[in-house]
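Structure first, commentary second.
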Protein chains: 2
Amino acid sequence: MSVQRPSRRATITDVARMAGVSIATVSRVLNGTGPVADETVVIVQQAMEELNYTPHAAARSLAGRSTETIGLLLPRLSGAFYPPLIRGLETGAKEHGFDLLIHASVYVPQDGARRPVPLDERNTDGLLIFTDRLDDTEINRLYEQGFPLVLLYRAAPAGLNIPSVTVENKRGARSLVEHLITVHGYRRIAYLAGPRGNEDSYWRELGYREALEAHGIPFDPDLVGRGDFDDVLARSAVEDWLRRRVAFDAIFAGDDEAASGCIMALRQAGKQVPDDVAVVGFDDVPFARLMAPSLTTVRAPIETVGEEAVRQLITVIHGGEPVPFTLLPTELVVRQSCGCK
Amino acid sequence: MSVQRPSRRATITDVARMAGVSIATVSRVLNGTGPVADETVVIVQQAMEELNYTPHAAARSLAGRSTETIGLLLPRLSGAFYPPLIRGLETGAKEHGFDLLIHASVYVPQDGARRPVPLDERNTDGLLIFTDRLDDTEINRLYEQGFPLVLLYRAAPAGLNIPSVTVENKRGARSLVEHLITVHGYRRIAYLAGPRGNEDSYWRELGYREALEAHGIPFDPDLVGRGDFDDVLARSAVEDWLRRRVAFDAIFAGDDEAASGCIMALRQAGKQVPDDVAVVGFDDVPFARLMAPSLTTVRAPIETVGEEAVRQLITVIHGGEPVPFTLLPTELVVRQSCGCK
DNA sequence: TGCTATACTGTAAACGCTTTCAGAAAGCGT
DNA sequence: ACGCTTTCTGAAAGCGTTTACAGTATAGCA
């Protein structure tokens, strides 16, 4: 029985010493680079086993090897939207033998002592960037360096050839709003926009406007509010409308999360959904079908977006030619919150 | 206008060269260690600014400095349970100036070529470990090394003094089941357990049994199934019961996620909830109130668990004395899925 | 004036790894 | 016996930091 020293983690040197070889040889058997005698391989492997050796990732990447890890940068993780996305990403990553490290935090623009992003070209092999998590100058730097990047739910900045994957927002929104107009005859339809600058929101609003226009309904700026794709904010936005006695017979909430906020606000105010006011969302997150009333929405293949994004990223990492722009189809899902039954 | 070299990231050496000082000095102004002439500080800072310098985290931690980062290890991120937890963790981390890095992946026990966990004592200052994400031997190693650890939703392995934070599962479950018994008169109450070995599930089942016993209802093993805290699995578990014509008048689904699966299964089978079968969950995730029928459940302060866990972890990191075991109170939330109105 | 303390700065080692280079040993054809 | 490959191995440099250590001025003090 050996003395258990205050177990420092075993290093490559420890393994080398125990196996009676040089660290170079250990490195070789570890990575399968260069020829090593079968006999030596066995000895080294035993030593690694014995010492429970795990290579030090930081040292590894410092010494210039790939990390087998991809990073995901997003502003936050709270919300029903993210779980399917993450699931897709994980599925994709696992499939290709990559690890996924996630950093969720809002991007704080240029303020003197800004924190560096803890996930970058130095500890990952590639980065998935969700919406506006990283600003264009940083994206530029990474891009010019040739670092593998894939954008989620946003297009690449002008001139940069960065693959991006998103969904058919405009088309989905348009068919959703047209459903409200043609099937239910609503004409005062409100829209709750997402966060400022958000691309999804931009396209959804465009779809909304197109639908109105196609049916001769004038666009009324009073009927556009900010829900920020967030239940709490959407709720207060609707409360505000109610207080100001804005008249509407339906709300396109921007996304499902916001839709749930709308429903809470309306219910609180004693309005029936969908009888008094119809509410529709976007995304078809898992709980949409479980809501009361079940939510009419647009199915966006969130999980597929994740898988596809990873696929593109790994293509880039392997030096392949990615699909520059992937637009996944959306589909209207009619349930009850629009007035259908 | 200067020539734009294929922008390699600036290193401390670049900064030193530009400022005309040694790298030691740069390091000193960077970390505020050791005395540096005010004048020099300015010059160095300008150089850093100019070069857009960011220290290389991996190199830093290699050289033995703290990382200002804490890691979160969990089996997965999909499910309504996680967003509030993450939110709590982020709030806590941000509050203390730490970054949070997340690795979500099931733990694969001892199979020869097992992947090392990409988050450990070498790139974080401390680790938050959710349920059974890491096995006891690894926890042991980290612990003996004196590495800061906090356990979420599980107690420390015997003998190890690792802080852990969880919720009053047993008490919550008991009051939930007692509600079903005393208020609604149900006697055939089924229970859907969580994943094998899961502590939450263990205590909830204990609470369930206590409630039965306290009211003279014999425990029937046929009424215990596996839902794994997952909607899909819970759904098929219920379908299985239905197929086998097991009789029950209420289901305690283990958690809210599983409850939603139960409701889908029952609805599919033409059963009314709560009229034919009552369903209750646990956790009170955000969508519980929005479900149809709205879900009777137990409010577990998930977000608070997160905040508290970070607080403990950071206490340990700073060398303080943590609270060894934090048990947060739960509270019965009566809505409609139990039969109340 | 010379001495010592003080303020500042640079040199170099170390962290754990990969990789280039060169050398040793063994096999082969002549 | 000779030289040439081929196979295997080790020494050492380098990745970007921190930090002990060793300076070098400068100021203060006798």
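Residue numbering restarts at 1 for every chain, and letters A, B, ... go by the order of the sequence lines.
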Pairwise 5' ranking along DNA chain C for B/Ile23 and B/Pro35, keeping only the more 5' one: B/Pro35
Judged by each residue's nearest nucleotide on DNA chain C, which is more toward the 5′ side, B/Ala59 or B/Thr40?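 The answer here is B/Thr40.
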Provide, to the nearest angstrom, the distance between the [atom1] atom belonging to [X] and the [atom2] atom belonging to [N].
X: B/Asn31; N: D/dT19; atom1: CG; atom2: C1'; result: 10 Å
X: A/Asp38; N: D/dT9; atom1: CG; atom2: C1'; result: 15 Å
X: A/Ile12; N: D/dG10; atom1: CD1; atom2: P; result: 12 Å

Inspect the contact between A/Glu308 and A/Arg311 and indicate whether a charged nitrogen and a carboxylate oxygen are less than 4.0 angstrom apart.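 Here A/Arg311 pairs with A/Glu308 in a salt bridge, since their nearest N and O are under 4.0 Å apart.
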With a 4.0 Å cut-off on N to O distance, would you call A/Arg141 and A/Glu138 a salt bridge?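 Result for this pair is yes, salt bridge flagged.
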Would one find a side-chain N or O of [X] under 4.0 angstrom from OP1 or OP2 of [N]?
X: A/Ser27; N: C/dC17; result: no
X: B/Ser61; N: C/dC15; result: no
X: A/Ser22; N: D/dG10; result: yes

Going from CG on B/Leu152 to CD on B/Gln312, what distance comes out if it is rounded to the nearest 0.5 angstrom? 11.0 Å
Quick one: the side chain of A/Arg28 and the base of D/dG10, do they pair up donor-acceptor inside 3.5 Å?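 Donor-acceptor pair under 3.5 Å: yes.
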Expected output check: what is the dot-bracket annotation of DNA chain C, where ( ) and [ ] are pairs inside the strand (brackets for crossing ones), | is paired with another strand, and pairs are Watson-Crick or G-U under 3.5 Å? ||||||||||||||||||||||||||||||
Closest to side chain of [X], choosing from [options]:
X: A/Ala24; options: C/dC15, D/dA11, D/dG14; value: D/dA11
X: B/Leu62; options: D/dT9, D/dG16, C/dT9; value: D/dG16
X: A/Ala63; options: D/dG14, D/dG10, D/dT17; value: D/dG14

